[in-house]
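See structure below.
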Amino acid sequence: MRRTTTPRLAALAPAAAVVALGLFAARPAAAQSIIKSPGDHPDAWELEPHLNIRPFDTPDRDVGLGLGFRARVPIVENGFVPSINNSVGIGFGIDWLNYRACRRGDCGSVNHFIIPVVMQWNFWLTRSWSVFGEPGLSLNFYSDRGDYCEDRFGNRYGRCYRDRDVDLVLFAGARWHFSQYTTLTMRVGWPYWSVGVSFL
């Protein structure tokens with residue numbers, strides 16, 4: 001006996017085919033390059049809470065961990081290279097890192113507060129990916145003068161901290177645009193690395 005499709009299922013078949021075709025077409029569209037389409041990118045403030053890690057040049061050779069927040073204000077929509085999809089903004093925020101530190105058997109911690117101001121040069125590659133570079137300066141505050149730069153025998157090593165200083169910063173990063181206005185933002189460089197979520 002031949003089985004027949006009910007009218008309701010038959011009516012849903014064209015809709016299902018359209019949805020499947022749309023999903024299939026969406027994947028190449030997300031991967032399609034937009035680097036040669038100047039101006040085809042979000043032109044708004046970017047707000048980015050993130051986690052920080054500093055695995056190098058820390059007191060007592062410890063790994064620094066902390067939290068931070070960054071904001072970006074767009075200043076040049078088409079960037080320094082008019083023929084490609086790039087933009088320039090000013091980034092600023094505050095970051096906190098905490099390090100373990102020991103001196104002559106006494107262990108404590110050093111809190112490091114960083115206020116960075118950077119130029120962010122963005123390159124918009126596809127609907128899913130963008131990359132950026134960030135040179136700039138940071139104002140640094142420490143909860144300790146740096147006595148923890150000595151080991152238990154009084155020998156100095158590593159970097160010794162002052163109450164405050166100004167430092168150069170340099171980062172490279174990438175964003176994965178998992179929705180139209182939200183990205184996973186990853187950053188590596190000096191003096192720390194970060195990963196967070198950006199809201200465009």
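None of these values were measured; they are calculated from a predicted model. Note that the numbering runs from 1 along the sequence shown for the chain.
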[X] versus [Y], closest heavy-atom pair with distance:
{"X": "Tyr99", "Y": "Gly64", "value": "CD2-CA, 3.4 Å"}
{"X": "Pro38", "Y": "Asn78", "value": "C-OD1, 4.0 Å"}
{"X": "Met119", "Y": "Val88", "value": "CG-CG1, 3.8 Å"}

Please check this pair: side chain of His50 against backbone of Trp193, looking for a donor-acceptor N/O pair closer than 3.5 Å.
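Checking the backbone N and O of Trp193 against the side chain of His50, no donor-acceptor pair under 3.5 Å is found.
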If we ignore hydrogens and angles and just use 3.5 Å, is the side chain of Asp95 paired with the main-chain N or O of Ile115 as donor and acceptor?
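Between the backbone of Ile115 and the side chain of Asp95 there is no qualifying donor-acceptor contact (under 3.5 Å).
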Assign the ring pair Phe80 / Trp121 to parallel, tilted or perpendicular, where the plane angle (0 to 90°) is split at 30° and 60°.
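Answer is perpendicular, since the angle exceeds 60°.
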For [X] and [Y], does a side-chain donor sit closer than 3.5 Å to a side-chain acceptor?
{"X": "Thr183", "Y": "Thr185", "answer": "yes"}
{"X": "His177", "Y": "Ser130", "answer": "yes"}
{"X": "Trp96", "Y": "Asn52", "answer": "no"}

Value rounded to 0.5 Å, distance of CG in Leu51 from CG in Leu67:
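Separation between the atoms: 6.0 Å.
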Evaluate the side-chain proximity of [Y] to [X]: yes if any heavy-atom separation is below 4.5 Å, no if none is.
{"X": "Ser138", "Y": "Tyr192", "value": "no"}
{"X": "Arg72", "Y": "Glu134", "value": "no"}
{"X": "Phe171", "Y": "Pro191", "value": "yes"}
{"X": "Ile114", "Y": "Asn140", "value": "yes"}
{"X": "Val81", "Y": "Phe123", "value": "no"}
{"X": "Leu137", "Y": "Leu168", "value": "yes"}

Run the salt bridge (Lys or Arg N to Asp or Glu O under 4.0 Å) test against Asp40 and tell me which residues pass, sequence neighbours left out.
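If we apply the salt bridge (Lys or Arg N to Asp or Glu O under 4.0 Å) test to Asp40, skipping adjacent residues, the hits are Arg127.
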Less than 6.0 angstrom from the centroid, inside 45 degrees of the normal: does Arg70 satisfy that with respect to the ring of Phe132?
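No, cation not above the ring by the 6.0 Å, 45° rule.
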Heavy atoms of other groups near Tyr181 OH, more than 12 under 6.0 Å:
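No, because the 6.0 Å sphere around OH of Tyr181 holds 12 heavy atoms or fewer from other groups.
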Apart from Trp124 itself, what residues make up its hydrophobic cluster, given side-chain heavy atom links below 4.5 Å?
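Trp124 shares its hydrophobic cluster with Ile34.
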Under a 4.0 Å N-O cut-off, is there an ion pair linking Arg175 with Glu46?
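Between Glu46 and Arg175 there is a salt bridge, with a charged N closer than 4.0 Å to a carboxylate O.
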